[in-house]
Amino acid sequence: MERRREFIRKVAMGSAGLVIGKTALAIGRTATAFSAKSYRNIIGANERIHMCIIGLNGRGASMAGTFAGAKDAEVACVCDVDSNVFSKALKSVADAKQVNVPRTEGDCRKVMQDKSIDAIYIATPDHWHAPLAIMGCQAGKYWYVEKPLSHNPREGELAIAAARKYNRVVQMGAQRRSVPVLIDCISQLHKGLIGRVYFAKAWYTNMRKSNFLKPGTAPSNLNYDLWQGPAPRMPYQDGLIHYNWHWFWHWGTGEALNNGTHEVDVARWGLNVDFPTRVSSVGGRYQFNDAWETPDTQIVTMDYPGRVSLMWENRSSNGRKIEGADRGVIFYGDNGSLDTDGEGYKVYDLSGKLVNEVKPAAKEDNVQGRNTASPSLGMDSLHVNDFLDAVRNNRRPNCDVEIGYKSVVAMQLGNIAWRMGRDLKIDPSNAHIIGDPEAQKLWSRTYEPGWEPKV
């Protein structure tokens, strides 16, 4: 396992004054003050943490209720570029019995300037995740960002550097990291429950339908220019917003990062590995001949140092379950195997005989693998509470930005391998691509002028 200090040195090369061009409004001029004052700004144990929820369609609206229901937290603001979605988030907050009604905001940059906001939850499209989080660090905010941490690997590196420079607590939404039964599961694996663990298979399945785009006009309730944000401008198309942007590289990262991140994070956690040495991927958009750019059928394989491998299998548009589950992970060791679908885990001997089963502690931990708003409200609450506790105690959360990055970059490399149509050789010290200049071009992206994130 790589030493933390060396890892940070590698990802922070070239650091100087973090700013996102002209779009940061006045944030860049005041950012350095937060670093110097960071320890004086730690939120006390008895103070309420004031949250802003950014990105309210689906996942964000659900999480607004989860934060509103958390002890000593208050959703003070809900923010989105689409004014039509405010009502969903406000209802979610009200249903959680929060007394104060959050204010609504259409421009995330104004949230950054609001000194009454302590922390931010991000459920925007993927192309906004890291740039917005970097802005949050500049503004002295703590942040919880949904997976994936970033749209591309370079943004992930910048997000880590920003979090460390400004001493901000950063949690990525890999909720399984906060589930007690899975924490116990991984601990047992590391203690040798099934011997030396050498392979993990992860998977995701769904029944997604076809998607076609056509030229259109952005509705008056949507600020499409701000929705695009850091991404170079493209004409509005009907059928893209609010969910189908996932399947287009300009804004999304495909099913690999949309859902694969969760199981691959658990698999990497159990294997106790950091960065791979080789990544490959096969698949395509097979079920339908439509507008999708990303694959609906995909296999990503990753080899790690120490004779360890990880495989992720996806079928976005074919609902047959694998091992009886929508999604899950199987670990293979030289003394047996272990599988988990996120709720509990089962242990088998080498012959495949079930020798132990550990079930979730509470019924609310039941996972609905294909629910896009919240596969598990119980998991959400556990991960939110861990984040809030980390903010109060100025500690690293269960899925700290570095941890999240290591899982996300593995899948980003899988997507790059698929787009290139060839295996990638990887430097296991920092995940950088070796000897493939064409593939390296996908390590980062181009930005709309003035929106370039820099550290």
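Side chains are part of it too, since the values below use all heavy atoms of this structure and drop only hydrogens, waters and symmetry mates.
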Working for side-chain contact (heavy atoms from CB on, under 4.5 Å), residues Arg392 and Ile49: CA-CA 8 Å; Arg392 284 195 180 84; Ile49 297 173; 3.9 Å; yes
Before giving the answer on side chain to side chain donor-acceptor pair (under 3.5 Å), spell out for Thr301 and Ser280 the whole-Å C-alpha distance, their side-chain angles and the decisive distance to 0.1 Å. CA-CA 5 Å; Thr301 59; Ser280 62; 2.4 Å; yes
Apply the test side chain to side chain donor-acceptor pair (under 3.5 Å) to residues Asp380 and Thr66: give CA-CA distance (whole Å), side-chain angles for both, the deciding distance (0.1 Å), then the verdict. CA-CA 7 Å; Asp380 290 345; Thr66 301; 4.6 Å; no
Stepwise, does the side-chain contact (heavy atoms from CB on, under 4.5 Å) test hold for Glu157 with His432? CA-CA 11 Å; Glu157 293 179 316; His432 285 203; 2.7 Å; yes
What verdict does the salt bridge (charged side-chain N to carboxylate O under 4.0 Å, His left out) test give for Lys406 and Asp274, after you've listed the backbone C-alpha separation in whole Å, the side-chain angles of each residue and the deciding distance to 0.1 Å? CA-CA 6 Å; Lys406 290 175 183 179; Asp274 288 332; 3.2 Å; yes
Evaluate the criterion side-chain contact (heavy atoms from CB on, under 4.5 Å) for residue pair Tyr121 and Glu146; output intermediate values, then yes/no. CA-CA 8 Å; Tyr121 168 80; Glu146 280 298 343; 2.6 Å; yes
Are Lys165 and Cys137 close enough, and set up right, to give a side-chain contact (heavy atoms from CB on, under 4.5 Å), and what steps lead you there? CA-CA 9 Å; Lys165 179 175 182 178; Cys137 285; over 6 Å; no
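Judged purely by atom type and a 3.5 angstrom limit, Arg315 uses its side chain to pair as donor or acceptor with the backbone of Arg320. A distance-only check finds no donor-acceptor pair linking the side chain of Asn335 to the backbone of Asp349 [under 3.5 Å]. For Asn356 (side chain) and Val347 (main-chain N/O), no donor-acceptor pair under 3.5 Å exists by modelled atom type. With hydrogens and angles ignored, the 3.5 Å screen pairs no side-chain donor or acceptor of Arg285 with any backbone N or O of Asp296. For Asp95 (side chain) and Gly65 (main-chain N/O), no donor-acceptor pair under 3.5 Å exists by modelled atom type. For Ser92 (side chain) and Ala64 (main-chain N/O), no donor-acceptor pair under 3.5 Å exists by modelled atom type. Between the His129 side chain and the Thr124 main chain, a donor and an acceptor come within less than 3.5 Å of each other. His250 places no side-chain N or O within 3.5 Å of a backbone atom of His127 that could act as its donor or acceptor partner. For the pair Asn211 (side chain) and Trp292 (backbone), a donor-acceptor distance under 3.5 Å is absent. Side chain of Ser187 to main chain of Ile183: no donor-acceptor pair is present (N/O by atom type, distance under 3.5 Å, no hydrogens or angles).
Using a 4.5 Å heavy-atom threshold, the side chains of Ile120 and Ile122 count as touching. Looking at heavy atoms from C-beta onward, Thr340 lies out of side-chain contact with Arg176 at the 4.5 angstrom threshold. Looking at Gln228 and Met234, their side chains come closer than 4.5 Å, going by heavy atoms from C-beta outward. Two residues are said to be in side-chain contact when any heavy atoms from C-beta on lie closer than 4.5 Å; Arg445 and Arg154 fail this criterion. At a threshold of 4.5 Å between non-hydrogen side-chain atoms, the residues Asn394 and Asn167 count as touching.
For the pair Asp265 and Arg177, the salt-bridge criterion is met [side-chain N within less than 4.0 Å of a carboxylate O]. Under 4.0 Å is where a charged nitrogen must lie from a carboxylate oxygen, and between Asp290 and Lys209 no such pair does. Residues Arg422 and Asp436 are paired through a salt bridge, judged by an N-O separation under 4.0 Å between the basic side chain and the carboxylate. A salt bridge links Arg208 to Glu255: at least one charged side-chain nitrogen sits closer than 4.0 Å to a carboxylate oxygen. Salt bridge status for Asp389 with Lys71: absent, with no side-chain N to carboxylate O gap under 4.0 Å. Salt-bridge annotation for Asp400 and Arg164: present, with a side-chain N of the basic residue lying under 4.0 Å from a carboxylate O of the acidic one. In this structure, Asp225 pairs ionically with Arg233, as a charged nitrogen and a carboxylate oxygen lie closer than 4.0 Å.
With no hydrogens or angles considered, a side-chain donor-acceptor pair links Asn314 and Ser316 at under 3.5 Å. A side-chain donor-acceptor contact under 3.5 Å links Tyr243 and Asn258. Side-chain N/O atoms of Tyr345 and Asp184 include a donor and acceptor closer than 3.5 Å.
Nearest heavy-atom pair, Asn430 versus Tyr405, reported as atom, atom and distance to 0.1 Å: O-OH, 4.4 Å. Annotation for Gln412 and Ser150: closest pair NE2-O, 2.9 Å, computed over non-hydrogen atoms. Annotation for Ala325 and Trp203: closest pair O-NE1, 3.1 Å, computed over non-hydrogen atoms. Between Gln171 and Cys399, the closest heavy-atom pair is OE1-N, 2.8 Å. Closest approach of Asp82 to His242, counting heavy atoms only: OD2-NE2, 2.6 Å. The shortest heavy-atom contact between Pro276 and Met302 is CB-CB, 4.2 Å.
Ring orientation note: the planes of Tyr224 and Tyr236 are nearly perpendicular, at an angle over 60° on the 30°/60° scale. Using the six-membered ring where Trp is involved, Trp227 and Trp251 have ring planes that are tilted, between 30° and 60° apart.
Checking Thr277, Ile434, Leu413 one by one against Ile426, the side chain to side chain contact (heavy atoms under 4.5 Å, CB included) holds for a single residue, Leu413.
Residues Trp312 and His262 place their aromatic rings such that the two centres sit no closer than 6.0 Å.
For Arg307, the CZ atom counts as loosely surrounded, since its 6.0 Å shell holds 12 or fewer non-hydrogen atoms of other residues, nucleotides or ligands.
Remark: Arg327 fails to qualify as a cation-pi partner of Tyr204 under the 6.0 Å distance and 45° angle criteria applied to the six-membered ring.
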